[in-house]
Amino acid sequence: MLYRNAEAKKVDPVKKVDLPAGAVAKKGSSVKKPEPKPTRPWTEPLQQDFDRIFSVGEECISGPELQTLLTAKGRGSESTGFNLYDGFEPSGRMHIAQGVFKAMNVNKCTYEGTNATFVFWVADWFALMNDKMGGDLEKIRTVGHYLIEVWKAAGMDLSNVVFKWASEEITTHADKYWPTMLDVARRFNVTRIKKCCQIMGRLEGSLTAAQILYPLMQCTDVFFLKADICQLGVDQRKVNMLAREYCDAAGIKHKPIILSHHMLYGLKAGQEKMSKSDPDSAVFMEDSAADVERKIMNAYCPIVAEVAAGATDGEPLDAGKESMHLKGDGLKNPCLDYIENIIFSPPGATFSAGSTTFQDYGAVRDAFLSKQISEDELKRGLIIELNRLLEPVRSHFDTNENAKNLLSLVQQYKKESASSITEKVVRRLNLVELKKVPAGAHLVFAPLPSGSPTLQSAMDVLTLLQAAEDRPCVLLLSDWTARVCNSCDADLKAIAAYHSVFVASLKALKPRLMENVQVLLQSDAILADPSNYWISVINVGRHFMLDDIMGPSMKDSEGVGRVIGRLMQVADAAGVEPASIAMADSEDTKIEGNLVTEFFGKKLPSLSAPSVSFQTLPSLRLQPERESDALRNENDEYFLLDDPKV
């Protein structure tokens, strides 16, 4: 087991305490520096809590931080406690790693008196977006309650467990969740986020734009749920590290601890982890005793590693090299993996194979590798133990009326999903239906805010609005896009001030034209129906490859906010459902206009795609454009809308 940033399993008490922010008085001030609170004494019960929680992780970042957390918020502290979190999508199936293994880990983390709460993020919103259970949220929630019953039957102590439903939490607190996501996005470039996308098994060049969104949202979950510890699998390590990096960028002092549990191997050769799509790659919680026996007896169970580090292809290993390679995960034997991480997970567990009862995993492994017990004996012993763990779950769903009813409904939903082929509903913000905008409008996007609103930008927008002919006009002020693109350093007051000056200038320059223009603030529109809006943003991202969204001019070294901004622009257009859109004629706007046209044509066939025109705008530049900004002088300045000299 790897203990990151810890020299040994037991870590010495942390004695140093950081001073609170602002504790140091300014030079010459008479204010005294407050004394830091003394660190609580490190006790044996705290050490036991530390050892038990630490044992859950194949990797912990970091041991000393975990100890500091337990000192501040753990057993016997005045704090309300600390939070761990993991998430799951109610998809209808749960394998043994999610069921029994997770139940054991949760019980270790929330052991009586530990002062810990385990928060499960029930990703029903994502299941809705993925069209699970026909996109019926009530059915999805039923599946979620079924999975909770599985955990209860598997022995999870729910007294310190909280289930938060994403559909409720994200929608109810959209004004907090999505701005946090936008803030996360604006602080990273495309290169950094691409590294997180490996958790989805995607190679660079084959990423959809939505796969850039997912790690940003998962990072947001950590802070939205106020998680002190991210207790997910090692496959989620990169995105959890993103959360720690965000703390550095955003000036957040206390970083989330990453406690990553081991990912059990699939039962077939070469499967690094279990797969829900392959019923024979894992033991599932609803499997019968006969299913368990069949799967384990057919499971991959090597006694010698097939490929050894340092060995030549096709060349047999000598005894010394073989012995060295068999340490650690070189064997990748799923049967031994189950025994180590499931059977021996509870304290005091034993395992019997053949005529021998073993007290620890190491003894089982040594006996198997030395052929003291055969593969058949190992597997027979494992089958007995797995059925012993699963039998309470089977019994619960046989005897408990509520559980039995939930199981019956889930089985019915699966049959309905398998037998019916329905057209997927493409969700979107519908501002016409919400009476926020007129039908068949002409849409213009205001420029992103800057510290210097110019007369040129105002005249550009007025020219685009005049292309409406007789249609009603909507001018969209993209304040949330401005935030994610880091306009005005994402300062909300500066963004609002820019929009105030800009709109006032438009009305002063062309009062009659502006009488027929509806000014729409993007954040107000989004918050009218945030769930459908962000589902549409993600659906836009799923439709387009990342390279298509970025185009030839956008580089990986640029902020990922520009990618998110373009996805939002398409979703904004889908929400307004305009008859026409006018844009300035440039390489970037042509990419953006083409994205809108394609998405309407391919994903919103029931709507008429807007006609997108690219306008050549008159220039108010006082001097010919210079080759370099360094050559510019004051005579080249644009007229500024807030310049009193003008």
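Residues Q569 and T481 fail the side-chain proximity criterion, which asks for heavy atoms closer than 4.5 Å.
Donor-acceptor pairing under 3.5 Å is lacking for the side chains of D228 and Y85. Side-chain N/O atoms of H442 and E469 include no donor and acceptor closer than 3.5 Å. Between the side chains of N532 and D529, at least one donor N or O sits under 3.5 Å from an acceptor N or O. In the model, S553 has a side-chain atom that pairs as donor or acceptor with a side-chain atom of D588 under 3.5 Å. Checking N594 against E598 by side-chain atom types alone, no donor-acceptor pair falls below 3.5 Å. Counting only N and O atoms by type, the side chains of Q231 and N105 include no donor and acceptor under 3.5 Å apart. No side-chain donor-acceptor contact under 3.5 Å links E592 and T589. S580 and R471 form a side-chain donor-acceptor contact under 3.5 Å, judged by distance and modelled atom types alone. With 3.5 Å as the limit, one finds no donor-acceptor pair spanning the side chains of T220 and Q218. Of the N and O atoms on the side chains of D124 and S167, at least one donor lies less than 3.5 Å from an acceptor on the other residue. Side-chain contact annotation: D136 with Y413, donor-acceptor N/O pair under 3.5 Å absent.
Salt bridge annotation for E577-R428: present, with a cationic side-chain nitrogen under 4.0 angstrom from a carboxylate oxygen. Under a 4.0 Å N-O distance rule, the pair D278/K268 qualifies as a salt bridge. A salt bridge links K590 with D585: the distance from a Lys NZ or Arg NE/NH1/NH2 to an Asp or Glu carboxylate oxygen falls below 4.0 Å. Ion pairing between K404 and E401 holds under the 4.0 Å rule for side-chain N and carboxylate O. In summary, D287 and K295 engage in a salt bridge, as defined by a charged side-chain N under 4.0 Å from a carboxylate O. Classification of E89 and K132 as a salt-bridged pair holds, one side-chain N sitting under 4.0 Å from a carboxylate O. Salt-bridge annotation for K507 and E515: absent, with no side-chain N of the basic residue lying under 4.0 Å from a carboxylate O of the acidic one.
Ring centers of W178 and W534: under 6.0 Å apart, within the cut-off. For an aromatic pair to be called close, the ring centres must be under 6.0 Å apart, and Y177 with F223 fails this. Note: W165 and H145 meet the aromatic proximity criterion, with ring centroids under 6.0 Å apart.
Atom CG in L546 sits 9.0 Å away from atom CE in M554 (nearest 0.5 Å).
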Pair D86-K102, salt bridge (charged side-chain N to carboxylate O under 4.0 Å, His left out): steps then yes or no: CA-CA 10 Å; D86 193 358; K102 193 64 192 180; 2.8 Å; yes
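The side-chain contact (heavy atoms from CB on, under 4.5 Å) test applied to N516 returns no partner, not counting sequence neighbours. Every residue was checked against the ring pair (Phe, Tyr, Trp, His ring centres under 6.0 Å) condition with F445, not counting sequence neighbours, and none meets it.
Partner of E245 under the side-chain hydrogen bond (donor to acceptor under 3.5 Å, both in side chains) criterion, out of R187, K255, R192: R192 alone.
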